Each structure stands twice: as C-alpha cells, then as structure tokens.
Amino acid sequence: MEETEKGNVVATKDGTIVAASAFPCQQEAVQDRDHKFLTRAVEEAYKSVECGDGGPFGAVVVRDDEVVVSCHNMVLSNNDPTAHAEVTAIREACKKLNQIELSDCEIYASCEPCPMCFGAIHLSRMKRLVYGANAEAAIAIGFDDFIADALRGTGFYQKAHLEIKKADGTGAVIAEQVFEKTKEKFTLY
C-alpha cells in the first residue's frame, strides 16, 4: 500500500482517503466509519431506482456518529427537479433537528454532488462531506446536472437550453434596493 501524506489527510494508492493520525488503528476506524455511512448512502441510491422515486443517488446526514436521516433522490415521485438526494436529506435533517444550520453534522453522498447540492451543503454549514462516485459516472449515463458547463456552454450532455441575462437599468436598481431596504428588519442567524 503506497501512501502519500498531505496535511491531515492520507491518500492511499487505491484512492481511499483517511484522516491522518499517529495511530494507525485510528485511521482504520475513520475509514470503517466512512465506509459504513457511505454504504448506507449507496443503499439509498439503489432504493431510489427500485421505488421509482428518482435517479440512483442517495445521501445520509450524520451527527455524533448517529444517522439523522437517510434519503434518496425524489425528483420523479415529487415532480420536483430540486429533490436531489442531498437537498432532500438536508431538508429532512433541518426539519427533524428543528434548525437551519447543520454545522454539527456530516453528509455522505453516493455521488459527487452537483453544484446545486454542493450549494445546499455549503449553505447548511455542514462540517464534512464524503462522497463515493465521481460526477463523470453520472454524466456517462445521461445526468446533466453540471451547471458550470451549462453556464459556459460547454456541456456535451446538457439537455436544457437556458438563456441567461443580467438585468440592467431600473430592473437592476430596484432588485438591489431590496437588500438595503430590508437589512434592518432581517438579521442572519
């Protein structure tokens, strides 16, 4: 097993990434823990397809080594293009924990999150993300969620053809004024 060390992470030749530690048994424990929760996310991905709820994606939110929620893609069953596994898991975890910030939680995703899901993970203040498959595995079977490619117009698999235009003049001014006019009434958490 060839290992390279970078900061607090050790990457092995087989691609496994574990937290670096002076104690090898601690590395193994972290790897086993991640494997356990990632396996649960993959099980949810299979469940999504078997149930007909959506694409093969699953996500698990964990707090203090306990599963808070285990969810899968619900795009088809909810008729909601935003009901990706990670977004669904974040929504359900926030409801269950009665909070909008999940800074004491981790998320395990069966696949590399699309930009929308990554944005939701970031906005929820999740402390850690562990994902399994690379995005290319999803792209190869026709998923086109890679918004960066769509914005650049370089997405080979893109199905949507969206025109994007930034407002100017009065439209831009009135849209920007809402922030100035509401800043005293709305405070961030």
Side-chain angles (χ1 to χ4, degrees), residues 1-78 82-141 143 145:
M1 175 197 311
E2 183 180 305
E3 295 184 354
T4 58
E5 191 166 334
K6 183 178 180 183
N8 292 334
V9 174
V10 173
T12 62
K13 189 175 183 178
D14 68 357
T16 304
I17 296 177
V18 296
S21 169
F23 306 101
C25 62
Q26 186 176 359
Q27 288 179 357
E28 188 176 313
V30 171
Q31 184 178 351
D32 289 347
R33 178 183 176 279
D34 285 349
H35 181 74
K36 176 176 84 170
F37 294 126
L38 189 56
T39 298
R40 180 106 176 241
V42 170
E43 289 168 357
E44 283 288 341
Y46 280 112
K47 183 178 175 183
S48 178
V49 175
E50 289 167 13
C51 296
D53 288 338
F57 303 96
V60 176
V61 174
V62 175
R63 181 170 74 172
D64 298 328
D65 287 334
E66 297 292 326
V67 172
V68 176
V69 294
S70 185
C71 298
H72 56 263
N73 185 288
M74 302 288 288
V75 168
L76 298 176
S77 61
N78 290 0
T82 69
H84 290 197
E86 299 90 335
V87 172
T88 301
I90 290 167
R91 288 174 180 161
E92 293 301 316
C94 288
K95 284 179 193 171
K96 185 172 183 178
L97 298 173
N98 197 29
Q99 58 190 49
I100 61 171
E101 190 172 289
L102 301 173
S103 59
D104 57 347
C105 296
E106 303 167 85
I107 190 164
Y108 290 81
S110 63
C111 185
E112 181 179 357
C114 74
M116 176 187 71
C117 292
F118 182 77
I121 292 165
H122 176 75
L123 290 173
S124 70
R125 310 286 194 258
M126 223 42 98
K127 70 178 179 181
R128 188 165 183 256
L129 160 66
V130 177
Y131 67 88
N134 287 330
E136 288 74 18
I139 292 169
I141 66 166
F143 287 91
D145 297 331

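None of the values given here were measured: they were computed from a predicted structure.
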Distance in Å, Leu129 CG paired with Ile121 CD1, rounded so as to fall on 0.5 Å steps
5.0 Å
Do side-chain atoms of Gln99 reach the backbone of Glu101 as a donor and acceptor pair under 3.5 angstrom?
yes
With no hydrogens and no angle check, is any side-chain donor or acceptor of Ser48 less than 3.5 Å from a backbone partner on Ala45?
no
Might you point out which heavy atoms bring Val130 and Leu38 nearest each other, and give the distance in Å?
O-CD1, 4.3 Å
Would Asp65 and Lys36 pass as an ion pair if we require N to O under 4.0 Å?
no
So Glu92 and Val68, do their side chains get closer than 4.5 Å, heavy atoms only?
no
Which heavy atom of Ala89 sits nearest to which heavy atom of Cys71, and what is that distance?
CA-SG, 3.7 Å
Beyond-backbone contact of Asp34 with Arg128, side-chain heavy atoms, under 4.5 angstrom
yes
Can you find a pair of side-chain heavy atoms, one from Val60 and one from Ile107, that are under 4.5 Å apart?
no
Do NZ/NE/NH1/NH2 and the carboxylate oxygens of Arg91 and Glu86 come within less than 4.0 Å?
no
Ile100 and Ser124, any side-chain heavy atoms less than 4.5 Å apart
no
Set of salt bridge (Lys or Arg N to Asp or Glu O under 4.0 Å) partners for Glu43, sequence neighbours left out:
none
Ring pair (Phe, Tyr, Trp, His ring centres under 6.0 Å) contacts in which one or both residues fall within residues 111-130, not counting sequence neighbours:
none
Arg40: which residues meet the salt bridge (Lys or Arg N to Asp or Glu O under 4.0 Å) condition with it, sequence neighbours left out?
none
Listed partners of Asp104 passing side chain to side chain donor-acceptor pair (under 3.5 Å), at least two apart
Arg63
Which atom pair, heavy atoms only, marks the closest approach of Glu112 to Ala135?
OE1-N, 2.9 Å
Heavy-atom donor-acceptor pair, Ser110 side chain to Val42 backbone, under 3.5 Å
no
Please examine the side chains of His84 and Val75, heavy atoms only from C-beta on, and report whether any two atoms are closer than 4.5 Å.
yes
Compare all side-chain heavy atoms of His72 with those of Thr88 and state whether any distance is below 4.5 angstrom.
no
A side-chain contact here means heavy atoms from C-beta on lying under 4.5 Å apart; do Leu102 and Ile90 qualify?
yes
Is there side-chain contact between Pro56 and Asn73, with heavy atoms separated by less than 4.5 Å?
no
What residues form a salt bridge (Lys or Arg N to Asp or Glu O under 4.0 Å) with Asp64, not counting sequence neighbours?
none
Just jot down the ring pair (Phe, Tyr, Trp, His ring centres under 6.0 Å) partners of Phe37, sequence neighbours excluded, or say none.
Tyr108
Run the numbers on Cys105 and Leu97 for side chain to side chain contact (heavy atoms under 4.5 Å, CB included), then give the verdict.
CA-CA 11 Å; Cys105 296; Leu97 298 173; 4.0 Å; yes
Start with the C-alpha gap between Lys47 and Asp53, add the side-chain angles, then the distance that decides, and say whether side chain to side chain contact (heavy atoms under 4.5 Å, CB included) holds.
CA-CA 8 Å; Lys47 183 178 175 183; Asp53 288 338; over 6 Å; no
